[in-house]
Amino acid sequence: MKKLLVLSTLVVSFSLTVACSSAPSSAPAKDGGTTTTKEETKAPAKPTEIKVMTDFTITQPPGADNPVLKEFEKRTNTKLTVQWIPGSDYADRVNVALAAGDIADLIKIPDITTALFRQMVKQGAFWDLTPYIKDYPNLVSINPKTWSNTKIDGKSYAIPAGRPLDGGGFFDIRKDWLDKLGLKMPTNMDELYTVMKAFKDNAPDGKKDTIGFTMRGSATIDEVFLGTVGMWKAVDGKLVNMYLEPEMRESLVYQRKLYQEGLIPQDFPVLKENQYWELATSGRAGITNETPEALFRYTMDQWKKDPKVEWTPMVSLAPKAGGKPYVPQGTGMNGVLAIPKSVPEQKMKAILNFVNYGSGGEGLDLTLYGIKDVHYTLTDGLKVSNDKAVADSVGTATWGKMFSTPVVDLWQYAAGMPKEVYQRNMKITEERAKVSVGNPAIGLVSDTDIKLGADYKKKIADMKTQVIIGKIALEDWDKYIDTLKKDPNYQKITEEFNVEYKKRLAQN
């Protein structure tokens, strides 16, 4: 990582003054019945000790002597002990901590629907933050929709780790391959198939066994056909399970065709993350799925070796010609931040103060970019990072996990990115925001789903894979869907989600 290009004007401009010591004050005093007034200087307030449990998604988390940590402590008058957990293990580790009652003063919960967390909320184990949030401007500024999606029984028991709604992961394509083959950017799934076939048949980079799509984030194919993020679609004020609808079958027919014609990896069900990217960066695949900033990070070396390589995020896709364009809208958060009731009220307010500071203004700059003139410099109004930022693990993959960072270009920049690529990404994000589709069921739960949902989801996923690779017939899928439509427990999940959905509509 060499340079980080970020428009500073896009950063949220709230700021919060944090008092580390009190000013001199005058106070009356009694001495032998005589009242006198004198100037007294109070000692600096003792730093608030805060234990934090959060995730990280880079190679190494910040250490105990990390300069950004020390700067946060200095600016917020805190003493931080941070337990950094790898993102891949985080959900399991949170459940272990909750079950054991070993809960940090500030704990990141990966999803507001985490069953054990919700159970403990109902038992009174976490602070209801609803009456307090109004006093913290950077928290108030989090999208109201995101706050609504994280409420439990109409109250806020956690702070959303806010993120932008638009500009996240979607299909990415080798535009230089399109240009080389005289093809236009696909706008629907039929055109995408045509492009995949042309990529395979013509192998623009001259690689053996060239395919069309890596199958990374392959669920996006389903979502384009369904017009949803996940399984739920809001229709006339009700949630409809789109997995049971004909559109899911259309998606399976489409993917089965891709598999049969060798346009996707024949071993896609067992591929690991690095293998998806090896297909993309080796010149063997022309389509993958990632956020714009991660796309650049992963393909930067490929582009440096061959400047003609041009990966481009796609704006949207319709299921068929003349259909409604689709691109997913994000959840508006990266988990939530909760404070256990074992923390005294005054300390709870100090923790809110800390989270508020890192979520806006100069605190957000520290969260995302580190310390000025140490980790980045300002050049013509732009923040340009240096190698020290990499060494000190600065950014969204660490500190950004414990604060709200909904800056509009969060997923559009990456270290070393040329200005024209950044500007292109921002333009694509603007276009996506015009048509993006969100998940209406974010934050909703069903007791039956908590008990049985995982088994149903696994069975559905297994059936989908077997249909795609031809192990079972499409008629077998049809029969399975018929059983789900008649299964009282599975139907009860839909009923319970709709009860919660109607409650949310009434509260809003």
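Values below: every heavy atom of this structure, side chains too, minus hydrogens, waters and symmetry copies.
Heavy atoms only, all atoms of each residue included: I58 and T398 are closest at CD1-CG2, 3.5 Å. Taking both residues in full, the closest heavy atoms of S359 and V355 are given as OG-O, 2.7 Å, listed atom of the first, atom of the second, then distance. What you find for G167 and P292 is that their closest heavy atoms are O-CD, 3.3 Å. Of all non-hydrogen atoms in I428 and P313, the two that sit nearest each other are CD1-O, 3.3 Å. Residue F117 comes nearest to A338 through the heavy atom pair CE1-CB, 3.7 Å, listed as atom of the first residue, atom of the second, then distance. Summarising the geometry of S316 relative to V435, their closest heavy-atom pair is CB-CG2, 4.2 Å, with the distance given to 0.1 Å.
For M189, the side chain to side chain contact (heavy atoms under 4.5 Å, CB included) partners are L192, I221, V224, F225, Y254, L317, not counting sequence neighbours. Judged as a side-chain hydrogen bond (donor to acceptor under 3.5 Å, both in side chains), and not counting sequence neighbours, the contacts of R174 are D176, D205. Taking K349 as the reference, nothing meets the salt bridge (charged side-chain N to carboxylate O under 4.0 Å, His left out) condition, with sequence neighbours excluded.
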Check: How far apart are the C-alpha atoms of R163 and T405, what are their side-chain angles, what is the distance that settles it, and do they pass the side chain to side chain donor-acceptor pair (under 3.5 Å) test?
Finding: CA-CA 6 Å; R163 295 294 185 270; T405 58; 3.0 Å; yes
Next item on the list: Any chance you could lay out the side chain to side chain donor-acceptor pair (under 3.5 Å) test for Y422 and D409, step after step, and finish with the verdict?
Entry: CA-CA 9 Å; Y422 171 79; D409 62 348; 2.8 Å; yes
Check: Would V82 and L69 count as a side chain to side chain contact (heavy atoms under 4.5 Å, CB included) if you check the C-alpha gap in whole Å, the side-chain angles of each, and the deciding distance to 0.1 Å?
Finding: CA-CA 9 Å; V82 184; L69 181 145; 4.2 Å; yes
Next item on the list: Begin with the C-alpha distance, continue with both residues' side-chain angles, and end with the deciding distance and a verdict on side chain to side chain donor-acceptor pair (under 3.5 Å) for W311 and Q302.
Entry: CA-CA 10 Å; W311 281 99; Q302 183 187 16; 3.0 Å; yes
Notebook entry, point to check: Step by step, would you call V52 with W84 a side chain to side chain contact (heavy atoms under 4.5 Å, CB included)?
Noted result: CA-CA 8 Å; V52 183; W84 298 99; over 6 Å; no
Next item on the list: Starting from the C-alpha separation in whole Å, work towards a yes-or-no answer on side chain to side chain donor-acceptor pair (under 3.5 Å) for Y276 and E290.
Entry: CA-CA 11 Å; Y276 290 123; E290 193 39 281; over 6 Å; no
Next item on the list: Apply side chain to side chain contact (heavy atoms under 4.5 Å, CB included) to D373 and T377, showing your working.
Entry: CA-CA 5 Å; D373 297 326; T377 55; 3.9 Å; yes
Next item on the list: Give the C-alpha distance, both sets of side-chain angles, the deciding distance and a yes or no for side chain to side chain contact (heavy atoms under 4.5 Å, CB included) between M314 and V327.
Entry: CA-CA 9 Å; M314 296 177 68; V327 68; over 6 Å; no
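Here the side chains of F296 and T291 are not in contact, with every heavy-atom distance at 4.5 Å or above. A heavy-atom distance below 4.5 Å is found between the side chains of I173 and V195.
Proximity of the aromatic rings of F403 and F354 is defined here by a centroid distance below 6.0 angstrom, and this criterion is met. The ring of F213 has its center closer than 6.0 angstrom to the ring center of F171. Between W127 and Y157, the distance from one ring center to the other does not fall under 6.0 angstrom.
In this structure, the separation between CG on D209 and NZ on K207 is 12.0 Å, given to the nearest 0.5 Å. Within the model, atoms OG of S342 and CD1 of I103 stand 6.5 Å from one another, a figure rounded to the nearest 0.5 Å. Taken from OG1 in T220 to CG in N289, the straight-line distance is 4.0 Å, to the nearest 0.5 Å. The distance from atom CD1 of I112 to atom OG1 of T150, rounded to the nearest 0.5 Å, is 5.5 Å. We find the OG-OH distance between S141 and Y136 to be 14.5 Å, quoted to the nearest 0.5 Å. Note that OH of Y369 and OG of S385 are 10.5 Å apart. Values are rounded to the nearest 0.5 Å.
Aromatic ring orientation, Y298 versus W277: parallel (interplanar angle below 30°, classes split at 30° and 60°).
N188 contributes a side-chain N or O that, together with a main-chain N or O of E191, makes up a donor-acceptor pair within less than 3.5 Å. A donor-acceptor pair is defined here as one N or O able to donate and one able to accept, closer than 3.5 Å; such a pair exists between the side chain of N386 and the backbone of V374. Side-chain atoms of T288 never come within 3.5 Å of backbone atoms of A280 as a donor-acceptor pair (strictly under, hydrogens ignored). Of the possible polar contacts, one joining the T367 side chain to the G363 backbone as a donor-acceptor pair under 3.5 Å is found. Between the T228 side chain and the G230 main chain, a donor and an acceptor come within less than 3.5 Å of each other. Counting only distance, with no hydrogens or angles, the side chain of E73 and the backbone of L80 share a donor-acceptor pair below 3.5 Å.
By the neighbour-count criterion of 12 heavy atoms within 6.0 Å, atom CZ of R93 is sparsely surrounded, having that number or fewer from other residues, nucleotides or ligands.
The salt bridge (charged side-chain N to carboxylate O under 4.0 Å, His left out) analysis of residues 269-285, with sequence neighbours excluded, yields the pairs R216-E273. Note on residues 100-126: pairs passing side chain to side chain donor-acceptor pair (under 3.5 Å), not counting sequence neighbours, are D55-K108, D105-K347, K108-N334, D111-T113, K122-D153. Annotation: side chain to side chain donor-acceptor pair (under 3.5 Å) contacts involving residues 427-445, sequence neighbours excluded, comprise D166-S436, Q329-S436, Q412-T429, E431-K434.
The residues R424 and E420 are annotated as not salt-bridged, no charged nitrogen and carboxylate oxygen being separated by less than 4.0 angstrom.
Side-chain atoms of H375 and D392 form a donor-acceptor pair, as typed in the model, at a separation below 3.5 Å.
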